Structures are given as C-alpha cells and as structure tokens.
*Asks:* 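Got a structure here, written out as structure tokens. Questions coming.
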Amino acid sequence: MFSRSYSRLVASKTAVPLSTYLARVGRPYSSSAAYEHILISTPKPGVGLITLNRPKALNALSSPLFKELNDALTKYDEDEAIGAIVITGNGKAFAAGADIKEMAPLTFSAAYSNNFIAPWSHLANSVRKPVIAAVAGYALGGGCELALMCDVIYCTASATFGQPEIKLGVVPGAGGSQRLTRAVGKSKAMELILTGKNFSGREAGEWGVAAKVVEGDHQALLGEAIATAETIAGYSRVAVVAAKEVVNKSQELSLREGVEYERRLFHGLFGSEDQKIGMKAFAEKRKPEWTNK
C-alpha cells in the first residue's frame, strides 16, 4: 500500500515520482514502484492520480509503461485510503497510441506465444475501484482503448480520439473494436475503425463515449475529474465497488440476468455495516460516517 505520509507529501502539490519520495525518506519499497514512465499523487483525500509521463513520445504506450501502470493501479486498488482513481496524460496527449517501435519488428509467433498486450487489460479485468480517464490532447489507438477501459471518461472539447490501426495494416488489439462499438453502436464504430478517422472530444460527448466535456484546458479538465473522484471516494467503499460491478455486468448479461444479479448485490449490501450507517444517518438527517465494512 502507499503510505499515508506519501499521500500527505503529494497532496495539493505537483505530482512527484514515488522514487523521489523514497529517496527523501529512505523507506524500503518494491523496486517495481520506482516508476520511470508514470507519476503518482493523491491530490485530494481518497483520490489516487496516475499521470502518464512519456512527454517526448506523446505518452506512447509500451510494455514497460503498462507494467508500471498496472503496478500503481494494483497498489491503489489495495490501498484502503483510496476510493477512486484518475488516469491522465498532459496537455498535448493522453496517449497518442501504442509504441510503434516496440510493435513493428514483432512476428505472429512472438506476439501470439507471448500474448502481446494482454497485460494491458488489467485495468478492465482486475481493478475493482472506479477509474476516471481525464483525456486532453491525443487519445489514439491504444490511448483511445485505455480511455475506454476506464469506468468514466472526462475530456476537453478539443481532445482527439481515434482507432487508426487500419492505417498501419492491423486492427485494434486492446478492446477498441468491442468497447467503442458498445459506446457508439455498430455503424458508427465500423465507420471509424474502417476509415481510421479521428473524432473530437465534443463528438465523444455527443456520442456517449465521454460522460463530461470540459470547455477548458487540461488543468480545468483534471480539476473536474478529481472533484468527481473525490465525491465517489466520499461514499462507502463497499457500495461503490458493488455499484461499479453491477453496471459492468449490464454489458455482459441479458436484461433479466442483469436485474437479477443487481438484486442479489442489493440484498447482499444489507449485510454491510455501511448500509445500517447510511440509512440511519439519512433518517436522522446527518452525514454518515462510513466504516467501509
């Protein structure tokens, strides 16, 4: 877990690499957490922020970057002090795509036998806490897919999304064809993927890809995303994880199966301490003090 002292150090300050923090305090920590390609911070109580940090490469996604991203996501997911996570890039790019230099020399046997980019799905498959993508600048190819893996997307009106893999002689490989189709429908997704056309942040909002479009720069966007993450982090962790789970099940189950699944989790929450706390506080017209149990 991230230490509370580290959280206090970075709160309301510029994000710093964990390795810098460790050098200051001399505390032992897993070598995998000495990040080179990402920055981590806790800008608000309960909020974990991950900033992709390969600015010279427009945050191109590579296996080393995803190894660090998955490590940070896992630690935030296990940290009891964190209730929601935000992933962002910088003003110029969220992530401009996968690292072509890494992919270009691959053969079928190497890609297939090593299950290339399968670890990129860790966010979608294993992280239980809500994750918000704050997208400014380019989110192309793998960058668009990374955003689509998140639970909520906030973006600037001028952000640029797209799945241009067709221009490289391949297809989306990290879920883009599946998640984009679920977001915009078959016809629009087919057009975008077959032509490689980009679409704007404003269009992402109109088509339901993004939950919120911010008329401002990256800092304004990040402020909105962090504020929403802070709101989520202020609720019962048990209920938040359950809420994320039932919404995700809606993408996999029939309506009847989904409603039945939702009802079972609803029933299950009556066994939590927070259900009793929340309902009692509501009846007494006061703010609940969650135990996250």
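This is a predicted model, so every value here is computed, not measured.
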*Asks:* Side chains of residues 133-144: which donor-acceptor partners sit under 3.5 Å, not counting sequence neighbours?
*Replies:*
none

*Asks:* Could you go step by step and tell me if K67 and D71 meet the salt bridge (charged side-chain N to carboxylate O under 4.0 Å, His left out) rule?
*Replies:* CA-CA 6 Å; K67 183 177 181 180; D71 185 72; over 6 Å; no

*Asks:* What pairs with W290 under ring-ring contact (aromatic ring centres under 6.0 Å, His included), at least two apart in sequence or on another chain?
*Replies:*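 By the ring-ring contact (aromatic ring centres under 6.0 Å, His included) rule, W290 matches no residue at all.
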
*Asks:* In chain order, what residues pass the side chain to side chain donor-acceptor pair (under 3.5 Å) check against H37, with sequence neighbours excluded?
*Replies:* none

*Asks:* Does any pair with a residue in residues 110-133 pass side chain to side chain donor-acceptor pair (under 3.5 Å), and if so which ones, sequence neighbours excluded?
*Replies:* T74-H122

*Asks:* Applying side chain to side chain donor-acceptor pair (under 3.5 Å), name anything that partners D99, two or more places apart in sequence or on another chain.
*Replies:* R54

*Asks:* Can you list the residues that meet the salt bridge (charged side-chain N to carboxylate O under 4.0 Å, His left out) rule with R179, with sequence neighbours excluded?
*Replies:*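 Result, salt bridge (charged side-chain N to carboxylate O under 4.0 Å, His left out) vs R179: none returned.
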
*Asks:* For a quick test of reading the model, state the closest non-hydrogen atom pair linking Q163 to G176 and the distance between them.
*Replies:*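 Heavy atoms of Q163 and G176 come nearest at OE1-CA, 3.9 Å.
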
*Asks:* Considering residues at least two apart in sequence or located in another chain, which fulfil the side chain to side chain contact (heavy atoms under 4.5 Å, CB included) criterion with E252?
*Replies:* K249

*Asks:* Looking at residues at least two apart in the chain, or sitting in another chain, which of them share a side chain to side chain donor-acceptor pair (under 3.5 Å) with E289?
*Replies:* none

*Asks:* If I compare all heavy atoms of I132 with all of A225, which pair ends up nearest, and what's the gap?
*Replies:* CD1-O, 3.7 Å

*Asks:* Could you go step by step and tell me if V127 and N70 meet the side chain to side chain contact (heavy atoms under 4.5 Å, CB included) rule?
*Replies:* CA-CA 9 Å; V127 178; N70 291 345; over 6 Å; no

*Asks:* Over all heavy atoms of both residues, which pair between A233 and P45 is shortest? Give the atoms and the distance, please.
*Replies:*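 Looking at all heavy atoms of both residues, the closest pair is CB-O, 4.2 Å.
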
*Asks:* Indicate whether the side chain of S254 and that of E257 have a donor and an acceptor atom separated by less than 3.5 Å.
*Replies:* yes

*Asks:* Determine, stepwise, if the pair E260 / R263 fulfils salt bridge (charged side-chain N to carboxylate O under 4.0 Å, His left out).
*Replies:* CA-CA 5 Å; E260 290 175 349; R263 189 180 302 124; 5.4 Å; no

*Asks:* Return the minimal non-hydrogen interatomic distance between I277 and P288, and the atom names on each side.
*Replies:*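 Heavy-atom minimum between the residues: CG2-CB, 4.0 Å.
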
*Asks:* What's the shortest heavy-atom distance between L49 and P43, and which atoms?
*Replies:*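 Nearest pair, atom of L49 first, then P43: CB-CD, 3.7 Å.
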
*Asks:* Listing request: all salt bridge (charged side-chain N to carboxylate O under 4.0 Å, His left out) pairs with a residue in residues 132-145, at least two apart in sequence or in separate chains.
*Replies:* none

*Asks:* Taking only residues two or more places apart in sequence or in another chain, which ones pass salt bridge (charged side-chain N to carboxylate O under 4.0 Å, His left out) with E215?
*Replies:*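 For E215 the salt bridge (charged side-chain N to carboxylate O under 4.0 Å, His left out) partners, ignoring immediate neighbours, are R202.
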
*Asks:* Residues in ring-ring contact (aromatic ring centres under 6.0 Å, His included) with Y261, at least two apart?
*Replies:*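 Testing Y261 for ring-ring contact (aromatic ring centres under 6.0 Å, His included), a comparison that skips the adjacent residues, returns none.
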
*Asks:* If you measure from the Lys or Arg side-chain nitrogens to the Asp or Glu carboxylate oxygens, is any gap between K75 and E78 under 4.0 Å?
*Replies:*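 No salt bridge links K75 with E78.
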
*Asks:* For a quick test of your reading: what N or O donor-acceptor pairs under 3.5 Å do the side chains of residues 148-161 make, sequence neighbours left out?
*Replies:*
from: D151; atom 1: OD2; to: V131; atom 2: N; distance (Å): 2.8
from: D151; atom 1: OD2; to: K244; atom 2: NZ; distance (Å): 2.9
from: Y154; atom 1: OH; to: T228; atom 2: OG1; distance (Å): 2.7
from: T156; atom 1: OG1; to: A159; atom 2: N; distance (Å): 3.2

